[in-house]
Asker: 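Please find one structure pasted underneath; my questions will follow.
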Amino acid sequence: MDLATTYMGLTLRNPIVASASPLNSDVGNIERLAEAGAAAVVLPSLFEEQIEADEARRAALVERTAESFPEALSYFPQQAEYAVGPDAYLELIRRARAAVEIPVIASLNGITDDAWLDYARLMEQAGASALELNIYFIPADLTLTGPAVEQRYRDIVRTVSAGVTIPVAVKLSPYFSAPGSFALSLVEAGARGLVLFNRFYQPDIELARLELLANLELSRPNEIRLPLLWLAVLSGKVKASLAATSGVGTADDIVKYLLVGADVVMTTSALLRHGVDYIETLLSGLEAWLKARDFGGVGEMRGLLDQSRVRNPLAFERANYIRILQGYT
Ligand SMILES: Cc1cc2nc3c(=O)[nH]c(=O)nc-3n(C[C@H](O)[C@H](O)[C@H](O)COP(=O)(O)O)c2cc1C
């Protein structure tokens, strides 16, 4: 069974990638993931805040982060035990590369424009096989316009892609008025991979203490639906690799993502729930599905149900609410 796939020019033995999470900050886990069959790992993001040596500047950044980048609260060093400083991060890249044969993708989450390139280069020098840019940006400043936000993304992607030789992927937000055309413009700016979608931290309120609740929940299976839609729309129309992230619970979810055109499918919550060896279960489930349908490999079924190939392409755009609701009456 040929499970091989290509992601941003990297040949992967299968399409299952362990996405950025605390699990992948431990080289022992990375080794176990590789043994269990993961085709690549994405290291947890290095946040620009972790890089700042100057304490005053650091404090200002933390404040700014809390205002404008609330998701960082959930992954931020003070709240996340796994987070490491920049030197330790570069060391993690080196040790992971030495420990496993599979590609090790570094992830960078910056805020100020100048930091992206410097650290991207350091990551490349440390041996990262590719970079994932987690451009997480909540435009809470109400004077910021949509075009200005999009331009900021493009500038970062253009600068980093031009400054390193390894491929660069962007972990995207779904919250753009036209995610498809925006994605195309990022590819034009140099992105070789698009990761759909970043799961935005969304606050809740703790009523007993009248405080914001800044916790991070693991994903649920129905979260595959939004990435599924946009992968289906982009498949075959974008000159970049497509990665699916969010909501993978079982091998069936991986199959669905591949059917709409994903080159790789990433998973974190399932590994946190079931342990890193769960990769084996996902992989054997994918293989069993392909065998049962007489597919000789992943290449034969990828994109079969993307928007350009599905029998009713409009089904991706318009749900017939009247018919659906009739089922409830
Ligand atoms: C505890 C935890 C930590 C995470 N840390 C990062 C991170 O550092 N950088 C990043 O880009 N995504 C991070 N993510 C997001 C995951 O990589 C993934 O995109 C998201 O959880 C959706 O995939 P899933 O449904 O398989 O969990 C984190 C997710 C969790 C649950």
Side-chain angles (χ1 to χ4, degrees), residues 15-26 29-30 33 38 40-51 65 69-86 88-89 92-93 104-111 116 119-120 123 128 130-137 156 168-174 193-202 214-228 230-231 242-254 256-257 262 264-276 278-279 281-282:
I16 305 180
V17 172
S19 46
S21 94
L23 287 172
N24 306 350
S25 62
D26 178 88
N29 276 342
I30 293 174
L33 283 165
V41 291
V42 185
L43 301 181
S45 301
L46 176 65
F47 283 84
E48 188 180 329
E49 297 85 340
Q50 292 166 254
I51 291 160
T65 302
F69 301 82
E71 109 293 353
L73 289 177
S74 53
Y75 306 151
F76 201 68
Q78 285 146 341
Q79 303 209 358
E81 286 168 6
Y82 70 88
V84 292
Y89 195 94
L92 175 65
I93 296 174
V104 173
I105 301 171
S107 168
L108 184 57
N109 182 317
I111 296 174
W116 289 92
Y119 296 105
M123 288 170 167
L131 282 183
E132 190 174 285
L133 301 182
N134 180 335
I135 312 179
Y136 191 115
F137 181 70
I156 293 166
V168 174
V170 185
K171 199 167 186 179
L172 265 184
S173 151
L194 300 169
V195 184
L196 278 58
F197 284 115
N198 216 345
R199 261 180 103 229
F200 275 0
Y201 161 73
Q202 294 166 354
N215 59 350
L216 180 68
E217 288 190 354
L218 298 184
S219 65
R220 290 176 294 273
N222 64 2
E223 289 184 40
I224 74 164
R225 288 179 168 223
L226 190 60
L228 201 74
W230 282 105
L231 286 161
L242 295 174
T245 178
S246 284
V248 168
T250 65
D252 281 359
D253 299 319
I254 294 178
K256 290 176 188 177
Y257 272 139
V264 298
V265 181
M266 299 186 165
T267 174
T268 281
S269 293
L271 301 180
L272 287 166
R273 278 197 183 100
H274 307 293
V276 290
Y278 190 62
I279 287 277
T281 308
L282 294 174

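Counting starts at 1 for both ligands and their atoms, in listed order. Residues take their numbers from the sequence shown, with the count starting at 1. All heavy atoms count here, side chains included; hydrogens, waters and symmetry mates do not.
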Asker: Of the non-hydrogen atoms in Trp116 and Asn134, which two are nearest, and what is the gap between them?
Answerer: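 The pair with the smallest heavy-atom distance is CH2-O, 3.9 Å.
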Asker: Rounded to the nearest 0.5 Å, what separates atom CE in Met123 from atom CD1 in Ile105?
Answerer: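 Answer rounded to 0.5 Å: 12.5 Å.
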Asker: For Gly247, counting its heavy atoms only, list the atoms of ligand 1 lying under 4.0 Å from any of them.
Answerer: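 That gives atoms 24 (P), 25 (O) of ligand 1.
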Asker: With distance as the sole test, does Asn24 use its side chain to make a donor-acceptor pair with the main-chain N or O of Val42 at under 3.5 Å?
Answerer: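 Looks like yes, one N/O pair under 3.5 Å.
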Asker: Does an N or O from Asn198, backbone or side chain, lie closer than 3.5 Å to an N or O of ligand 1?
Answerer: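 In this structure, Asn198 places no N or O atom under 3.5 Å from an N or O of ligand 1.
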Asker: Would you compute the distance between atom CD1 of Ile224 and atom CG of Leu196 and round it to the nearest 0.5 angstrom?
Answerer: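 So the CD1 of Ile224 and the CG of Leu196 are separated by 13.0 Å.
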Asker: What is the distance from atom CD of Glu217 to atom CD of Glu223, rounded to the nearest 0.5 Å?
Answerer: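 Going from CD on Glu217 over to CD on Glu223, the span is 9.0 Å.
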Asker: Looking only at heavy atoms, what is the nearest atom pair of Ile279 and Leu271, with distance?
Answerer: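 That would be CG1-CD2, 3.7 Å.
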Asker: Less than 3.5 Å between some nitrogen or oxygen of Glu132 and one of ligand 1, yes or no?
Answerer: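 No.
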Asker: Need the ligand 1 atom indices (1-based, order shown) with element for anything under 4.0 Å from a heavy-atom of Leu218.
Answerer: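 Close to Leu218: 31 (C).
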Asker: Relative to the heavy atoms of Ser219, which atoms of ligand 1 are at a distance of less than 4.0 Å?
Answerer: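 Answer for ligand 1: 24 (P), 25 (O), 27 (O).
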Asker: Classify the side-chain pair Thr268/Ser19 by whether it contains a donor and acceptor separated by less than 3.5 Å.
Answerer: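 Checked: Thr268/Ser19 side chains pair up, N/O donor to acceptor below 3.5 Å.
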Asker: Would you mind listing which atoms of ligand 1 come within a distance below 4.0 Å of any non-hydrogen atom of Asn134?
Answerer: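 Going through ligand 1 atom by atom, the ones under 4.0 Å from Asn134 are 9 (N), 10 (C), 11 (O).
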Asker: Has Val195 got any heavy atom lying under 4.0 angstrom from an atom of ligand 1?
Answerer: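 No, Val195 has no heavy atoms under 4.0 Å from ligand 1.
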Asker: What atoms in ligand 1 come closer than 4.0 Å to a heavy atom of Pro22?
Answerer: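 In order of number, 1 (C), 2 (C), 3 (C).
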Asker: Suppose I only count heavy atoms of Lys171 and a 4.0 Å limit; which atoms of ligand 1 are within that range?
Answerer: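 With Lys171 as reference, the close atoms of ligand 1 come out as 10 (C), 11 (O), 12 (N), 15 (C), 16 (C), 17 (O), 18 (C), 19 (O).
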Asker: What are the atoms of ligand 1, with element, lying closer than 4.0 Å to any heavy atom of Arg199?
Answerer: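 Here the atoms of ligand 1 in question are 20 (C), 22 (C).
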Asker: I need the atoms of ligand 1 closer than 4.0 Å to a non-hydrogen atom of Ser19, numbered in the order shown.
Answerer: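 Here the atoms of ligand 1 in question are 17 (O), 18 (C).
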Asker: Tell me the closest heavy-atom pair linking Val248 and Ala270, and the distance in Å.
Answerer: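 It is O-CB, 3.4 Å.
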Asker: At under 4.0 Å between heavy atoms, is it the side chain or the backbone of Val42 that contacts ligand 1, or both, or neither?
Answerer: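 Answer for Val42: neither.
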